[in-house]
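Whatever order the structure lists ligands and atoms in, that order sets their numbers, starting from 1. It should be emphasised that the depicted structure is a prediction, and the values quoted were computed from it without experimental measurement.
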Amino acid sequence: MKIAILGSGNVGGTLAAGWAAKEHLVAIAARNPKSDKAVSAATAAKAQVMSIADGVKWAEVVLLATPWAAVPDALAAAGDWTGKILLDATNPLKPQLAGLELGTTTSGGERVAELARGARVVKVFNTIGAPNMADGDGLSMLMAGDDPAAKAAAATLAREVGFEPVDLGPLKEARLLEPFALVWITLAYKQGFGPNFGLTVRKR
Ligand SMILES: NC(=O)c1ccc[n+]([C@@H]2O[C@H](COP(=O)([O-])OP(=O)(O)OC[C@H]3O[C@@H](n4cnc5c(N)ncnc54)[C@H](OP(=O)(O)O)[C@@H]3O)[C@@H](O)[C@H]2O)c1
């Protein structure tokens, strides 16, 4: 697949490297493609660098992994989203991880779908810390989205970095996935687990 990474920090940089290693064509879609940060993110991931508009135009799948406050600008910079599979890993976190900016009756995932009109949005890669994304080690990767083909692509990409995908249903279930991310954050940073763990759905 041709995958553009919109936000190449902890989450985007790790997944870019994992997918490039699986022989996907990966591009860092950067605000400033000539910046040292963008070039070193691409070098580390063995990816190419493009502008946001060029990267989204080129890609079949786009990973959104910017801070929540940057989401409107990042999505607007892309131009036309029609038909693109958009994997939304963001969480609408308040500063200092002090809860969510929105939720319950809507979600960040639904807001992303409004802003990236025409994209096939899947909420995924938001419920577990980035250090686990180099190798999911069989941990569950919960996802929600309205488009079956987009969710199938998300499931393939989750499996390729070691996760077991779990489909929670339509995109509005992002209302559950975003507060669920706070469960991981609370265990990691308030309850002493540290970042190297995840949760698994186990049938019995
Ligand atoms: N960290 C985790 O463990 C984790 C886990 C799951 C989900 N998440 C969510 O994933 C998202 C990214 O987290 P992160 O920790 O990976 O963030 P990060 O390391 O701070 O990286 C953010 C990336 O977004 C880019 N960016 C910032 N503003 C932008 C804009 N206006 N347009 C385009 N790109 C922009 C940054 O580029 P520059 O370098 O140019 O600033 C950087 O590459 C957040 O929404 C977070 O809540 C994080």
Side-chain angles (χ1 to χ4, degrees), residues 4-19 26-45 47 49-56 59 62-79 81 86-103 107-112 115-116 121-136 139-144 154 157-158 161 163 174 177-190 193-199:
I5 308 290
L6 186 35
S8 56
N10 300 309
V11 171
T14 305
L15 289 173
W19 291 329
V26 178
I28 304 300
R31 286 188 276 189
N32 181 356
K34 293 201 170 120
S35 70
D36 290 349
K37 255 181 164 178
V39 171
S40 65
T43 304
V49 196
M50 297 186 187
S51 68
I52 295 176
D54 287 347
V56 171
V62 181
L63 175 75
L64 177 65
T66 65
W68 178 247
V71 164
D73 283 351
L75 293 176
W81 281 100
L86 178 52
L87 308 182
D88 172 22
T90 65
N91 282 308
L93 292 170
K94 289 183 177 168
Q96 318 301 329
L97 305 176
L100 299 175
E101 297 277 359
L102 50 82
S107 62
E110 289 161 278
R111 183 76 188 120
V112 164
L115 292 169
V121 178
V122 182
K123 189 88 206 179
V124 63
F125 295 111
N126 75 306
T127 53
I128 188 167
N132 302 284
M133 293 183 193
D135 173 12
L139 294 168
S140 297
M141 180 52 70
L142 297 163
M143 65 178 68
L157 291 170
V161 290
F163 291 100
L177 290 181
E178 290 161 10
F180 190 66
L182 293 174
V183 173
W184 188 93
I185 289 168
T186 300
L187 287 172
Y189 301 119
K190 295 187 183 162
F193 277 61
N196 294 311
F197 78 98
L199 298 157

So do K34 and S51 actually touch side chain to side chain, heavy atoms under 4.5 Å? no
Please classify the I52 to ligand 1 contact at 4.0 Å (heavy-atom distances, strictly less than): side chain, backbone, both or neither. side chain
Side chain to side chain, I185 and K190, heavy atoms closer than 4.5 Å: no
Provide the number and element of each atom of ligand 1 under 4.0 Å from a heavy atom of F125. 6 (C), 7 (C)
What part of A89, side chain from CB on, backbone N/CA/C/O, both or neither, has a heavy atom under 4.0 Å from ligand 1? backbone
Where ligand 1 meets S8 - atom numbers and elements under 4.0 angstrom, heavy-atom basis: 23 (C), 42 (C), 43 (O)
Heavy atom of the protein closest to atom 22 (C) of ligand 1 (residue, atom name, distance): P67 CD, 3.5 Å
Under a 4.5 Å cut-off applied to non-hydrogen side-chain atoms, are V62 and L64 in contact? no
Which atoms of ligand 1 have any heavy atom of K37 under 4.0 Å away? 38 (P), 39 (O), 41 (O)
Quick one, L6 and I52 - any side-chain contact, counting heavy atoms below 4.5 Å? yes
Going from CH2 on W19 to CD1 on I5, what distance comes out if it is rounded to the nearest 0.5 angstrom? 5.5 Å
Starting from atom 44 (C) of ligand 1, what is the nearest protein heavy atom, named by residue and atom, and what distance separates them? T66 O, 3.2 Å
Which ligand 1 atoms, with their elements, are less than 4.0 angstrom from a heavy-atom of I128? 5 (C), 6 (C)
Is the shortest side-chain heavy-atom distance between V11 and M133 below 4.5 Å? yes
Please report which non-hydrogen protein atom sits nearest to atom 46 (C) of ligand 1, along with the residue it belongs to and the distance in Å to one decimal place. N91 N, 4.1 Å
Identity and separation of the nearest protein heavy atom to atom 12 (C) of ligand 1: A65 O, 3.2 Å
Between ligand 1 and P131, is the shortest N or O to N or O distance under 3.5 Å? no
L93 side chain near W68 side chain, heavy-atom distance below 4.5 Å: no
Taking side chain as C-beta onward, heavy atoms only, is L63 less than 4.5 Å from L157? no
Counting from 1, what ligand 1 atoms have a heavy atom of G7 closer than 4.0 Å? 23 (C), 24 (O), 25 (C), 43 (O)
Counting heavy atoms under 4.0 Å, the part of L93 that contacts ligand 1 is side chain
shortest atom 16 (O) of ligand 1-to-protein heavy-atom contact is with V11 N, 2.9 Å
The protein heavy atom nearest to atom 3 (O) of ligand 1 is A130 N, 2.8 Å
Taking distance alone, with N or O pairs closer than 3.5 Å, would you say N10 contacts ligand 1? yes
A89 versus F125, closest heavy-atom pair with distance: CB-O, 3.6 Å
Side chains of W184 and N132 in contact at under 4.5 Å (non-hydrogen atoms): yes
Member of S40, P33, S8 meeting the side chain to side chain contact (heavy atoms under 4.5 Å, CB included) criterion with V49: P33
Is there a nitrogen or oxygen of R31 sitting under 3.5 Å from a nitrogen or oxygen of ligand 1? yes
Do me a favour and list the nearest non-hydrogen protein atom to atom 31 (N) of ligand 1 with residue, atom name and distance? A70 CB, 3.6 Å
What are the atoms of ligand 1, with element, lying closer than 4.0 Å to any heavy atom of G129? 3 (O)
Which residues satisfy the side-chain contact (heavy atoms from CB on, under 4.5 Å) test with S35, sequence neighbours excluded? N32, K37, A38
re atom 21 (O) of ligand 1, the protein heavy-atom contact at minimum distance is G9 CA, 3.3 Å
